[in-house]
2 protein chains.
Amino acid sequence: MDEKAALAVFECLSSGVRLGVFRLLVKAEPVGIVAGDIAAALDVAPSSLSFHLRTMTQAGLLRVEQEGRFLRYRANLALMTEVVGFLTENCCSGVSGGCRDADLLSGGIPACGSSNPVRESKA
Amino acid sequence: MDEKAALAVFECLSSGVRLGVFRLLVKAEPVGIVAGDIAAALDVAPSSLSFHLRTMTQAGLLRVEQEGRFLRYRANLALMTEVVGFLTENCCSGVSGGCRDADLLSGGIPACGSSNPVRESKA
DNA sequence: TCGACACTTCCAAAGTTGTTGAAATATCGT
DNA sequence: ACGATATTTCAACAACTTTGGAAGTGTCGA
């Protein structure tokens with residue numbers, strides 16, 4: 001992961017429409033959703049949605065597959081793993097004890113029903 | 001973490017300057033860096049940097065502390081934990097096996113040479 | 001082959017963001 | 001108190017992003 005790729009991911013997620021698309025597709029894993037249904041769910045004009053889907057696909061955040069007349073989109077969660085790794089690269093310059101939060105970030109994010117985050121005090 | 005807060009974080013990291021600031025400050029944890037040194041390290045005009053630092057501080061991504069004439073900035077890595085949690089919320093609709101990537105994201109990110117997994121209860 | 005459908009591309013208007021330099025504020029050392 | 005230093009605020013401007021309608025491409029079913 002290089003800076004340019006990470007920037008593209010953050011640019012994707014910094015629009016309300018695109019963040020909505022990504023969250024919707026994360027929920028819809030591993031099946032995915034076709035473009036028209038995304039447009040309906042988020043109430044976005046088709047041409048506008050198409051613009052956003054293209055941006056996200058180019059950034060690698062979505063994978064797309066043709067199904068007849070439909071295009072089915074799916075979230076690429078693995079890319080988020082890389083992005084977080086990129087952010088925490090070389091963190092704390094090896095100072096012992098300085099990495100408490102980074103450790104939390106790297107090992108403490110439960111998801112998908114196994115458990116849940118939101119633990120912010122440093123105790 | 002609500003959508004607005006998450007958007008603010010992604011907006012912060014979607015500018016080259018701000019991403020550079022955050023990565024620099026992640027590396028500089030837990031000491032932090034004063035504004036002038038950030039400007040020098042990244043070769044950004046002071047007024048421009050000030051604009052970005054304010055955006056990031058408002059988003060909660062940075063904490064700032066006055067030291068005489070200087071302002072020392074530090075990264076808030078814990079906020080990233082919340083953001084990743086927000087992204088993977090309700091992922092895969094509980095489909096078994098659908099969460100492979102989200103689990104990877106939540107538990108498989110190496111950082112800082114040590115790992116200290118912390119799994120909490122669901123909310 | 002045709003018409004209907006799903007989606008994308010093109011274009012111009014509207015809105016948002018980032019940069020700059022100059023002036024303002026606040027703190028320091030003497 | 002004064003001048004030097006660190007940083008922020010302000011206003012103007014250029015550059016970029018987002019939007020929606022209309023037209024285009026490709027696929028389906030009869």
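From a predicted model like this one, the values you see are computed outputs, not experimental measurements. Values below: all heavy atoms of this structure, side chains included; hydrogens, waters and symmetry mates excluded. Below, read A as the first sequence line, B as the second, and so on, with proteins coming before strands; counting in each chain starts at 1.
- B:Asp43 has its CG atom 12 Å from the P atom of C:dT19, to the nearest Å.
- Projected onto DNA chain D by closest heavy-atom contact, A:Val44 and B:Asp37 fall at different nucleotides, the more 5' of which corresponds to B:Asp37.
- Taking a cutoff of 4.0 Å between a charged side-chain nitrogen and a carboxylate oxygen, A:Arg72 and A:Glu65 do not qualify as a salt bridge.
- If you check every strand for non-hydrogen atoms under 4.0 Å, A:Val34 touches sugar and phosphate atoms only.
- Position along DNA chain C of the nearest nucleotide to A:Phe70 versus B:Gly68 favours A:Phe70 as the more 5'-ward residue.
- Atom CE of A:Met56 and atom P of D:dT18 are 12 Å apart (whole Å).
- The side chain of B:Tyr73 places no N or O atom within less than 4.0 Å of a non-bridging phosphate oxygen (OP1 or OP2) of D:dA6.
- At the phosphate of C:dG18, OP1 or OP2 sits under 4.0 Å from a side-chain N or O atom of B:Arg18.
- Look at CG on B:Leu7: it is 15 Å from C1' on D:dT17, rounded to the nearest Å.
- A:Phe51 places its CZ atom 13 Å from the P atom of C:dC10, with the value rounded to the nearest Å.
- What separates CZ of A:Arg54 from C1' of C:dA6 is a distance of 17 Å, to the nearest Å.
- Rounded to an integer number of Å, the gap from B:Arg69 CZ to C:dT27 P is 11 Å.
- Nearest nucleotide to the side chain of A:Leu53, out of C:dT8, D:dT7, C:dT27: C:dT8.
- Counting heavy atoms from C-beta outward, B:Leu71 and B:Val34 have side chains that stay 4.5 Å or more apart.
- At whole-Å resolution of the value, CD in A:Glu67 and C1' in D:dT27 are 13 Å apart.
- Whole-Å rounding puts the A:Arg72 CZ to C:dT8 C1' distance at 18 Å.
- Note on B:His52: every side-chain N or O is 4.0 Å or more away from OP1 and OP2 of C:dT17.
- Taking the side chain as every heavy atom from C-beta outward, A:Leu24 and A:Ile33 approach each other to under 4.5 Å.
- The phosphate of C:dG21 has neither OP1 nor OP2 within less than 4.0 Å of any side-chain N or O from B:Ser47.
- For A:Ser15 (side chain) and A:Glu11 (main-chain N/O), no donor-acceptor pair under 3.5 Å exists by modelled atom type.
- In this structure, OG1 on A:Thr57 lies 12.5 Å from NE2 on A:His52, to the nearest 0.5 angstrom.
- Residue-to-nucleotide proximity on DNA chain D shows that, of A:Ser15 and B:Gly36, the 5′-proximal contact is made by B:Gly36.
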